[in-house]
Amino acid sequence: MAKQRESRWVKWVVSRIVRFVLWFVVKPEWKGAEHVPAQGGVIIAANHLSVTDPLTVAHFLYIGARRWPTFTMKDAVMKIPVVRSVARSTGQIPIKRGSADAVKALGEAEKALVEDGSSVIFYPEGTCTRDPELWPMTAKNGVARLALTTGVPVIPVAHWGEQNILPYGEKKPRLLPPRKKVQFRAGPAVDLSEFRGKPITATVLDGATRAIMADITALQAEIRGETPPAEPFDFRKARQRAAQAKHAEREEITQTPEVPTADRTAEDTEADNGKNSTGA
C-alpha cells in the first residue's frame with residue numbers, strides 16, 4: 001500500500017486557496033485527463049512557459065485528473081520559511097540543481113514514484129523555454145532516466161496561455177479581467193518500449209528524452225493549431241553562441257588601433273583648413 005506523503009488538512013487548505021485564486025485569474029480548458037492513471041506512480045512531463053506554471057499544472061492534475069501533484073522544487077524556494085513548511089507538508093521534493101544533492105533528490109523522486117505511488121511533475125527542459133515562439137526546447141535526461149529505471153509511465157502534458165499571465169522575465173503579473181484562457185492537453189503514455197531493458201547509456205537516454213519531448217511538442221501543436229519547428233531550440237548552444245559572440249566583440253574592441261590624440265588634432269585642423277579654403 002502506498003505511503004501517505006502529505007498532511008491531509010494542509011492539502012485541503014492549500015488546494016482550496018489555489019483554486020480560489022486561480023478562479024479569478026484563469027479560464028481553464030482541460031483535455032486528455034483520462035490518460036493520467038487513477039493510481040500508482042506516474043511521471044507527468046510538462047512544458048514550461050512561465051513561473052505561474054506550477055499553479056496551473058497542479059490545478060489540472062488535482063482537479064482534472066484527480067491526482068495530488070508532487071513537484072521537485074528548487075532549494076532556493078524551499079529556503080522561504082512558509083513555503084518550506086507547506087512544501088514539506090504537501091509532499092514536495094527539494095532539489096539543489098547542479099550539486100551532488102541533485103542525485104539525492106532524484107532518489108527521493110524515485111522513492112515517491114515506486115514506493116509511495118505518487119504522481120510527480122517534471123519540467124524536462126529544466127527552465128522556462130527560451131524559444132522565441134515559446135515552443136518546447138531541448139531537454140535534460142533526468143526524466144528519461146527515472147522513467148527507464150522505475151518503469152513507471154510518462155504522461156506528456158502540454159499547456160498554453162500562462163505566458164499571458166506572467167511572461168518569462170517579467171515581475172508584474174497581468175491579473176486584471178478578463179480571465180486568461182489556459183489550455184491543457186494530456187496524451188497517452190509515451191512509448192518508451194524501444195529503450196526499456198537496455199543499458200542506460202547516453203544514447204538511450206537521449207533517444208528517450210527526444211521521444212518524451214516530441215509527444216509534448218505535438219500536443220502543444222494541437223492546442224495552438226500551428227506547426228512546431230523541425231528542430232527544437234537548443235538553449236545550451238544558444239548560450240554558447242552568445243558567449244562566443246560577446247568574446248569576439250571584446251577581442252575586436254581591444255585589438256582595434258586607436259589614432260593618437262595629437263594625430264587626430266592635426267587631421268582635424270587640416271580638414272578645417274580645407275573647408276575654409278572652399279568656402280564651406
Side-chain angles (χ1 to χ4, degrees), residues 2-3 5 32 35-48 57 61 67 69-75 91-127 129-131 135-158 186-220 228-240:
K3 177 184 175 182
R5 293 171 51 85
H35 293 300
V36 180
Q39 57 186 356
V42 58
I43 292 172
I44 306 297
N47 63 298
H48 205 354
V57 174
L61 191 61
R67 293 296 303 266
T70 301
F71 286 91
T72 54
M73 301 182 68
K74 291 183 180 180
D75 185 63
Q92 310 309 312
I93 302 169
I95 180 171
K96 291 183 180 180
R97 303 188 188 281
S99 71
D101 285 345
V103 177
K104 180 180 178 182
L106 287 177
E108 288 294 319
E110 182 173 344
K111 178 178 179 294
L113 289 165
V114 177
E115 297 182 21
D116 304 335
S118 300
S119 52
V120 184
I121 300 166
F122 290 93
Y123 294 115
E125 297 159 280
T127 185
T129 183
R130 304 300 201 277
D131 180 88
W135 290 102
M137 305 186 296
T138 55
K140 302 179 185 299
N141 289 340
V143 174
R145 182 181 294 276
L146 268 178
L148 295 178
T149 55
T150 63
V152 303
V154 178
I155 303 299
V157 173
V190 180
D191 183 6
L192 298 177
S193 57
E194 176 185 352
F195 311 102
R196 296 194 187 279
K198 294 184 177 180
I200 306 297
T201 64
T203 300
V204 168
L205 291 175
D206 288 344
T209 299
R210 285 194 296 271
I212 293 168
M213 294 309 298
D215 281 9
I216 295 173
T217 302
L219 289 169
Q220 195 190 78
E231 292 292 331
F233 181 80
D234 192 317
F235 186 34
R236 181 179 60 84
K237 291 182 179 179
R239 285 193 299 181
Q240 290 176 345

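Note: Arg67 CZ to Ile44 CD1 = 7.5 Å, rounded to the nearest 0.5 Å. Going from atom NZ of Lys140 over to atom CZ of Phe122 covers 14.0 Å, rounded to the nearest 0.5 Å. Taking CD1 of Ile155 as the start and CG of Asp215 as the end, the distance is 10.0 Å to the nearest 0.5 Å. If you take CG on Asp234 and CD on Gln240, they are separated by 8.0 Å, rounding to the nearest 0.5 Å. With rounding to the nearest 0.5 Å, the separation of CG in Asn141 from CD1 in Ile200 is 10.5 Å. Note that OG of Ser119 and CD1 of Ile43 are 11.0 Å apart. Values are rounded to the nearest 0.5 Å.
Between Val42 and Val152, every side-chain heavy-atom pair lies at or beyond the 4.5 Å cut-off. By the 4.5 Å heavy-atom criterion applied to side chains, Pro232 and Met213 are not counted as neighbours.
Under the side chain to side chain contact (heavy atoms under 4.5 Å, CB included) criterion, Pro228 pairs with Trp135, Thr217, Ala221, sequence neighbours left out. Under the side chain to side chain donor-acceptor pair (under 3.5 Å) criterion, Thr201 pairs with no residue, sequence neighbours left out. For the side chain to side chain donor-acceptor pair (under 3.5 Å) test, residues two or more places apart in sequence or in another chain that qualify with Arg130 are Thr127, Tyr168. Remark: Tyr123 engages His48 in a ring pair (Phe, Tyr, Trp, His ring centres under 6.0 Å) (not counting sequence neighbours). Residues that satisfy the side chain to side chain contact (heavy atoms under 4.5 Å, CB included) test with Ala218, not counting sequence neighbours, are absent from this structure. For Thr129, the side chain to side chain contact (heavy atoms under 4.5 Å, CB included) partners two or more places apart in sequence, or in a different chain, are Leu49, Glu125, Asp131, Leu134, Met137.
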- Item | Stepwise side chain to side chain contact (heavy atoms under 4.5 Å, CB included) check, Asp116 with Lys111 | CA-CA 7 Å; Asp116 304 335; Lys111 178 178 179 294; 3.7 Å; yes

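Between Pro69 and Gln92, the shortest heavy-atom contact is O-NE2, 3.2 Å. Between Leu148 and Ala208, the shortest heavy-atom distance links the atoms CD1-CB, 4.2 Å. Contact detail for Gly91 and Thr70: the closest heavy-atom pair is O-CG2, 3.2 Å. When every heavy atom of Leu146 is checked against every heavy atom of Glu110, the shortest pair comes out as CD2-CB, 3.8 Å. When every heavy atom of Ile216 is checked against every heavy atom of Val157, the shortest pair comes out as CG2-O, 3.8 Å. Contact record, Ala238 with Phe233: CB-CZ, 3.5 Å, taken as the closest heavy-atom pair.
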Show the atom names and distances, to 0.1 Å, of all donor-acceptor pairs under 3.5 Å that link a side chain in residues 186-194 to residues at least two apart or in another chain.
{"residue": "Asp191", "atom": "OD1", "partner": "Ser193", "partner atom": "N", "Å": "3.1"}
{"residue": "Asp191", "atom": "OD1", "partner": "Ser193", "partner atom": "OG", "Å": "2.7"}

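For residues 142-155, no residue pair satisfies the side-chain hydrogen bond (donor to acceptor under 3.5 Å, both in side chains) rule, not counting sequence neighbours.
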